[in-house]
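Contents: one structure, followed by commentary.
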2 protein chains.
Amino acid sequence: MSGDMLTISDRIQQKLDDLTRAERQLALSILENYPASGLGPLTALAKDADVSVPTVARMVQKLGYKGYPEFQAELREELRAKAKDPIAKHDTWAEAAPSEHMLNRFTDAVIGNIRHTLGQIDPAAFDAACGLVGDPARHLYIVGGRITHTLAEYLFLHMQVIRPNLTHVQSTSNSWPHYLLNAKKGDVFIIFDVRRYENNTLKLAEMAHARGAEIILFTDQWRSPVHQLATHSFSSRIVVPSAWDSAATTMLLVETMIGSVQNLHWDETKARMEELEDMFDQTRLFRKFT
Amino acid sequence: MSGDMLTISDRIQQKLDDLTRAERQLALSILENYPASGLGPLTALAKDADVSVPTVARMVQKLGYKGYPEFQAELREELRAKAKDPIAKHDTWAEAAPSEHMLNRFTDAVIGNIRHTLGQIDPAAFDAACGLVGDPARHLYIVGGRITHTLAEYLFLHMQVIRPNLTHVQSTSNSWPHYLLNAKKGDVFIIFDVRRYENNTLKLAEMAHARGAEIILFTDQWRSPVHQLATHSFSSRIVVPSAWDSAATTMLLVETMIGSVQNLHWDETKARMEELEDMFDQTRLFRKFT
DNA sequence: ACAATTGTGAAAAATTTATCACAAGTGAAC
DNA sequence: GTTCACTTGTGATAAATTTTTCACAATTGT
């Protein structure tokens with residue numbers, strides 16, 4: 001064998017720390033669609049990664065190759081070896097781990113959940129729900145339970161940037177009745193309720209419903225009793241090889257909703273985002289881009 | 001796309017009959033270890049197939065390409081495409097919606113993120129990290145930032161059931177220095193930090209590191225500066241068609257970790273879970289299973 | 001303000017590709 | 001056995017492309 005067991009991908013990741021900003025950007029670009037981009041001409045790679053030609057030349061040498069052609073040669077060798085290798089099992093996600101490894105079993109389950117969930121979703125209902133959520137004239141209440149309040153808050157944090165006039169309610173807190181005092185007809189409640197379904201959440205939903213509010217429910221495949229009150233319900237499959245349920249699929253739906261709603265009033269959202277950025281800059285809460 | 005669906009491999013096999021002896025010999029050599037050999041220089045390919053250089057040049061044109069570089073470019077494109085969607089392509093996810101619908105675009109992106117992320121994860125590091133997290137002798141601190149504290153809390157809520165001796169710290173709060181007073185050598189910090197990377201989080205990590213604690217970092221593909229202090233880092237790809245990033249992949253990793261750690265001491269975990277169930281029953285917080 | 005990083009534009013060096021003319025080889029037909 | 005049409009390799013060369021390197025300016029973080 002000409003080389004060691006390390007793939008170039010491994011080697012790049014190992015060296016990632018020793019690389020400078022532009023070089024890292026280049027490295028990630030190589031990994032992004034590996035190994036195709038590294039097999040083209042140097043200039044194309046540079047343009048692809050949005051770095052200059054010398055940067056590529058410099059990094060390749062930093063990685064220990066005499067020049068770009070040598071680097072490419074090893075990439076090809078690797079590709080050749082991989083194709084030859086009978087263990088080209090493409091059904092595992094973490095290729096370095098056996099398929100029985102938790103990483104692969106879990107990922108399998110989650111992908112399956114996503115497939116199943118998306119297959120059953122009604123796009124029209126989803127769009128309608130996004131329309132409700134994006135309407136700034138309606139006050140938006142986001143409600144989560146013991147575990148799901150984390151998802152609720154995730155949604156809340158993003159919605160806060162997209163639109164005004166919203167509240168995060170934790171149904172397990174005993175202060176939620178106060179919020180409902182202000183709820184009025186036409187307001188929107190996004191409610192998260194997965195097993196085990198919470199009594200408080202149901203009561204809250206009933207009162208919201210009684211006041212004429214629209215309810216959008218995120219639940220699991222067995223559907224929280226809240227769904228009878230809901231204008232739109234979205235059920236995720238949540239089974240994983242664990243004693244607990246998976247929130248990953250629900251998270252996907254939530255993020256999709258964020259993405260959709262943001263598009264409804266993109267101009268305003270953009271303005272709000274920029275304003276937020278400015279404020280962050282002033283508080284120096286975040287690091288400058290390195 | 002301008003090109004047809006045929007791979008170069010297909011195209012070669014189709015034309016195999018129209019080719020002359022030397023050309024066929026060349027063609028078979030290309031297919032022999034495909035596509036690696038076609039990606040090297042023309043001369044190498046000629047030598048490999050034991051034909052002359054003009055033969056290669058002639059055949060490439062016979063196949064319909066303007067020249068060898070064009071042939072190579074298509075090979076690379078093919079490789080790129082193949083790496084991109086080993087699983088997708090067949091069906092849209094939300095079948096009732098067009099593939100341009102946000103539901104499908106978003107899901108595509110997240111599935112791609114998962115695949116990419118899992119492909120780069122080191123299972124040994126993951127197992128080692130789970131070992132640290134599952135060790136009840138070490139105090140466990142879970143740290144999140146402005147957005148990521150939701151993930152942190154999700155992890156915290158589950159870990160709370162699995163093991164004692166843990167704390168949820170929000171790095172954006174200004175009370176976190178108090179927690180660090182108690183941190184000692186061997187303790188474990190699980191830190192979430194994705195862009196934009198937060199100064200507070202970095203400071204916290206530095207102090208934890210100075211006290212000899214082990215740091216496990218969940219970050220994005222650009223990697224928070226905290227990773228230099230971390231014992232184990234796990235980077236998720238987080239790009240989605242939205243103005244924000246996706247936490248879904250990180251969520252998957254977190255849940256997998258929960259699943260793995262729970263297995264390490266399943267007996268105790270089970271006992272704790274049952275105890276928790278009892279307490280919930282007494283508080284009548286949840287609905288009885290219907 | 002300083003040091004390190006990075007891009008620019010350009011030019012030189014190296015490699016690769018494309019062609020050419022011609023000789024050698026092949027096999028089928030007569 | 002000879003001829004003929006066709007294929008292939010050789011060696012050389014021109015053209016094109018790619019790689020490498022340079023000095024210097026712009027940028028960035030400290």
For Arg24(A) and dT28(D), what is the distance between atoms CZ and P respectively, to the nearest whole Å?
-> 16 Å
Between Thr20(B) and dC6(D), does any side-chain N or O lie under 4.0 Å from OP1 or OP2?
-> no
Hey, could you give me each pair passing ring pair (Phe, Tyr, Trp, His ring centres under 6.0 Å) that has a residue in residues 112-133 of chain B? Not counting sequence neighbours.
-> Phe126(B)-Phe234(B)
Please list, chain by chain and in numerical order, all residues satisfying side-chain hydrogen bond (donor to acceptor under 3.5 Å, both in side chains) with Ser9(B), sequence neighbours excluded.
-> none
Would you list the pairs meeting salt bridge (charged side-chain N to carboxylate O under 4.0 Å, His left out) in which at least one residue belongs to residues 173-190 of chain B, sequence neighbours left out?
-> Lys184(B)-Asp187(B)
What residues form a side-chain hydrogen bond (donor to acceptor under 3.5 Å, both in side chains) with Lys62(B), not counting sequence neighbours?
-> Glu23(B)
At their closest point, which heavy atom of Glu198(B) faces which heavy atom of Ser171(B), and how far apart are they?
-> OE1-OG, 3.8 Å
Lys47(B) NZ to dG9(D) C1': how many Å, rounded?
-> 16 Å
For Thr117(B), what residues pass the side-chain hydrogen bond (donor to acceptor under 3.5 Å, both in side chains) criterion, not counting sequence neighbours?
-> none
Would you say a side-chain N or O of Thr55(B) is under 4.0 Å from OP1 or OP2 of dG9(D)?
-> yes
Once base and sugar-phosphate atoms are separated, protein heavy atoms under 4.0 Å mark nucleotides 11-20 of chain D, 5' to 3', with B, S and - as -------SSB
Identify, with sequence neighbours excluded, every residue that meets side-chain hydrogen bond (donor to acceptor under 3.5 Å, both in side chains) alongside Thr107(A).
-> none
Quick note, salt bridge (charged side-chain N to carboxylate O under 4.0 Å, His left out) partners involving residues 37-51 of chain B, not counting sequence neighbours, are Arg80(A)-Asp48(B)
Integer-rounded Å distance: dG7(C) P and Glu23(A) CD | 10 Å
Sequence neighbours left out, cut at 3.5 Å: what donor-acceptor pairs do the side chains of residues 243-250 of chain B make with other protein atoms?
| from | atom 1 | to | atom 2 | distance (Å) |
| --- | --- | --- | --- | --- |
| Asp245(B) | OD1 | Arg195(B) | NE | 3.4 |
| Asp245(B) | OD1 | Arg195(B) | NH2 | 2.7 |
| Asp245(B) | OD2 | Arg195(B) | NE | 3.0 |
| Ser246(B) | OG | Glu255(A) | OE1 | 2.7 |
| Ser246(B) | OG | Ala248(B) | N | 3.1 |
| Thr250(B) | OG1 | Ser236(B) | OG | 3.3 |

Can you tell me how far C1' of dT28(D) sits from CD of Gln25(A), to the nearest Å?
-> 14 Å
Rounded (10°) bend between the five-pair end axes of the helix from dA1(C)-dT30(D) to dC30(C)-dG1(D) | 40°
Inter- and intrachain pairs under side chain to side chain donor-acceptor pair (under 3.5 Å), touching residues 34-45 of chain B, at least two apart | Asn33(B)-Ser37(B), Tyr34(B)-Glu78(B)
Check for a donor-acceptor pair, side chain of Gln25(A) on one end and backbone N or O of Ala49(A) on the other, with a separation under 3.5 Å.
-> yes
Distance in angstrom units between Asp50(A) CG and dT5(C) P, rounded | 20 Å
Identify whether any heavy atom of Arg58(A) sits under 4.0 Å from a base atom; if not, whether one sits that close to sugar-phosphate; answer base, sugar-phosphate or nothing.
-> base
Close residues, residues 12-19 of chain A, relative to DNA chain C [heavy-atom separation under 4.0 Å] = none
